[in-house]
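Structure, as structure tokens:
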Number of protein chains: 2
Amino acid sequence: MKKEAEKVLSFPRKQAEEIQALQDTIYVVGGKWRLPIINSICNGNKRFRDIQRSIPGITTRMLSRELKEMELNKLINRTVYADTPVTVEYTSTDYCYSFGPIILAMIDWGKKHRKKITGKD
Amino acid sequence: MKKEAEKVLSFPRKQAEEIQALQDTIYVVGGKWRLPIINSICNGNKRFRDIQRSIPGITTRMLSRELKEMELNKLINRTVYADTPVTVEYTSTDYCYSFGPIILAMIDWGKKHRKKITGKD
DNA sequence: CAGCATCCAAGAAGATACTG
DNA sequence: CAGTATCTTCTTGGATGCTG
């Protein structure tokens, strides 16, 4: 197990390029909220309140701010339906799904971590 | 994944659990420097200066602070050799390697992203 | 419901200088 | 080499109230 991880993490010659790639990614998904929001929308949540309810602790201010920037960066689509009252839907773009592997790896780590510190499943 | 709308709207336990796991992980690896440092040490860098040189932009202050906290959290081992001058070595624990999949997923994303925006490999 | 505006606190991070 | 110490700036994020 350790040997495996050690192996995959050890390519000295490409180290600089990989550190760069890692730092780029951290820059893009940085902050507490970006990945949980992506995860929520990719999971099918479309409405502002639904997304907010699905992410413990997030305020309307932060959610609003992140959604706006994510729309600018083409991570999500925002569609307004002129009903009464107005409804808005957020949906993921293909680009948004590219974060899937990162999110899954992090969910996996988090579950194992919790199991480890609580001692149960 | 979202075959039943009511499931999405009612937030099944599984989804809540996954968001929780994701937020836990973000909390642990949060910040700009934690993952690059883990990556550097897992890649075999042991000395303070070597680690610093391998991570563009990090200051001695931030590196020092992170290393201290990572040692407290058993992510790394710190060994002092009483030579003249004194040398210090940081090495990864097994726990540290558990971040491997996350780091690899992020490196992969970063490489593809760079390829995409620069248009070349 | 879907946000925006405002004010403010706390922490992360940077610059720089210095020590054993 | 391996850090500490200070000072300052910047960013994140929280609280709250308000609007169409």
Side-chain angles (χ1 to χ4, degrees), chain A residues 19 22-38 40-41 44-73 75-92, chain B residues 5 8-11 19 22-38 40-41 44-73 75-91:
Chain A
I19 284 263
L22 180 55
Q23 288 186 296
D24 287 349
T25 306
I26 289 168
Y27 179 78
V28 174
V29 301
K32 283 167 70 174
W33 307 115
R34 185 63 55 92
L35 287 177
I37 292 170
I38 291 173
S40 177
I41 296 178
N45 291 308
K46 298 180 188 316
R47 309 289 295 277
F48 191 92
R49 291 287 167 193
D50 290 335
I51 298 168
Q52 184 177 19
R53 264 192 295 269
S54 76
I55 304 171
I58 198 168
T59 58
T60 60
R61 192 177 95 97
M62 294 312 296
L63 180 54
S64 172
R65 225 165 75 159
E66 292 287 331
L67 287 173
K68 202 177 296 176
E69 204 187 320
M70 287 168 71
E71 191 197 354
L72 277 175
N73 297 343
L75 255 67
I76 53 173
N77 302 118
R78 181 177 187 274
T79 316
V80 182
Y81 297 97
D83 306 345
T84 38
V86 165
T87 61
V88 180
E89 274 191 10
Y90 295 95
T91 52
S92 30
Chain B
V8 172
L9 290 176
S10 61
F11 292 110
I19 284 263
L22 180 56
Q23 287 186 299
D24 286 349
T25 306
I26 290 169
Y27 178 78
V28 174
V29 301
K32 282 168 71 173
W33 307 116
R34 184 63 55 91
L35 286 177
I37 292 170
I38 291 173
S40 177
I41 296 178
N45 292 306
K46 297 180 189 318
R47 309 291 294 277
F48 191 92
R49 290 288 165 193
D50 290 337
I51 298 168
Q52 184 177 18
R53 263 192 296 269
S54 76
I55 304 171
I58 197 169
T59 59
T60 60
R61 192 177 96 96
M62 294 312 295
L63 180 54
S64 172
R65 229 167 70 157
E66 291 287 331
L67 287 173
K68 204 176 294 177
E69 204 187 319
M70 288 168 71
E71 193 198 351
L72 276 175
N73 297 344
L75 257 67
I76 53 173
N77 302 118
R78 182 178 186 271
T79 317
V80 182
Y81 296 97
D83 306 346
T84 39
V86 165
T87 61
V88 180
E89 274 190 12
Y90 294 95
T91 53

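Per chain, numbering begins at 1; letters A, B, ... match sequence-line order.
Annotation: the span from Ile37(B) atom CD1 to Met62(B) atom CE amounts to 8.0 Å, rounded to 0.5 Å. Atom CZ of Arg49(B) sits about 13.0 Å away from atom OG of Ser54(B), to the nearest 0.5 Å. Distance check: Glu66(A) CD to Ile51(A) CD1 gives 12.0 Å after rounding to the nearest 0.5 Å.
In terms of phosphate contacts, Arg47(A) brings no side-chain nitrogen or oxygen within less than 4.0 Å of OP1 or OP2 of dG3(C). Between Tyr90(B) and dG3(D) there is a side-chain N or O to OP1 or OP2 distance below 4.0 Å. Listed pair Arg49(B) / dC1(D) meets the phosphate criterion, a side-chain N or O lying under 4.0 Å from OP1 or OP2. At the phosphate of dG14(C), OP1 or OP2 sits under 4.0 Å from a side-chain N or O atom of Trp33(B).
Looking only at side-chain heavy atoms (C-beta outward), Phe48(A) and Leu67(A) come within less than 4.5 Å of each other. You'll find the side chain of Lys46(B) stays beyond 4.5 Å of the side chain of Tyr90(B), heavy atoms only. The shortest side-chain heavy-atom distance between Asn45(A) and Arg53(A) does not fall under the 4.5 Å cut-off. Annotation: side chain of Arg34(B) is in contact with side chain of Met70(B) (closest heavy-atom distance under 4.5 Å). Under the 4.5 Å side-chain criterion, counting only non-hydrogen atoms from C-beta, Ile55(A) is in contact with Gln23(B).
Taking atom CG on Leu67(B) and atom P on dG3(D), their separation rounds to 7 Å, with Å as the unit. Rounded to an integer number of Å, the gap from CD of Glu71(A) to P of dA2(C) is 15 Å. In this structure, Leu63(A) places its CG atom 16 Å from C1' of dA15(D), rounding to the nearest Å. Atom C1' of nucleotide dC1(D) and atom NZ of Lys46(B) are separated by 17 Å, given to the nearest angstrom. Remark: P of dG3(D) and OH of Tyr81(B) are 13 Å apart, rounded to the nearest angstrom. If you take CD of Gln52(B) and C1' of dG3(D), they are 10 Å apart, rounded to a whole angstrom. In this structure, the OH atom of Tyr27(B) is 15 Å from the C1' atom of dT12(D), given to the nearest Å. One interatomic measurement links the two molecules: CD of Glu66(A) to P of dA2(C), which rounds to 18 Å at whole-angstrom precision.
One axis for each end of the helix from dC1(C)-dG20(D) to dG20(C)-dC1(D), each built from five base pairs, and the angle between them comes to 50° at 10° resolution.
In the set dA2(D), dC1(D), dA2(C), the nucleotide with an atom closest to the side chain of Val88(A) is dA2(C). Of the listed nucleotides (dG3(D), dA13(C), dA2(C)), dA13(C) has the atom at the smallest distance from the side chain of Lys32(B).
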Collect all protein-nucleotide pairs involving nucleotides 4-6 of chain D in which both atoms are nitrogen or oxygen and the distance is under 3.5 Å.
from, atom 1, to, atom 2, distance (Å)
dT4(D), OP1, Lys68(B), NZ, 3.1
dT4(D), OP2, Ser64(B), OG, 2.4
dT4(D), O4, Thr60(B), OG1, 3.1

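For Arg65(A), there are no side-chain hydrogen bond (donor to acceptor under 3.5 Å, both in side chains) partners two or more places apart in sequence or in a different chain.
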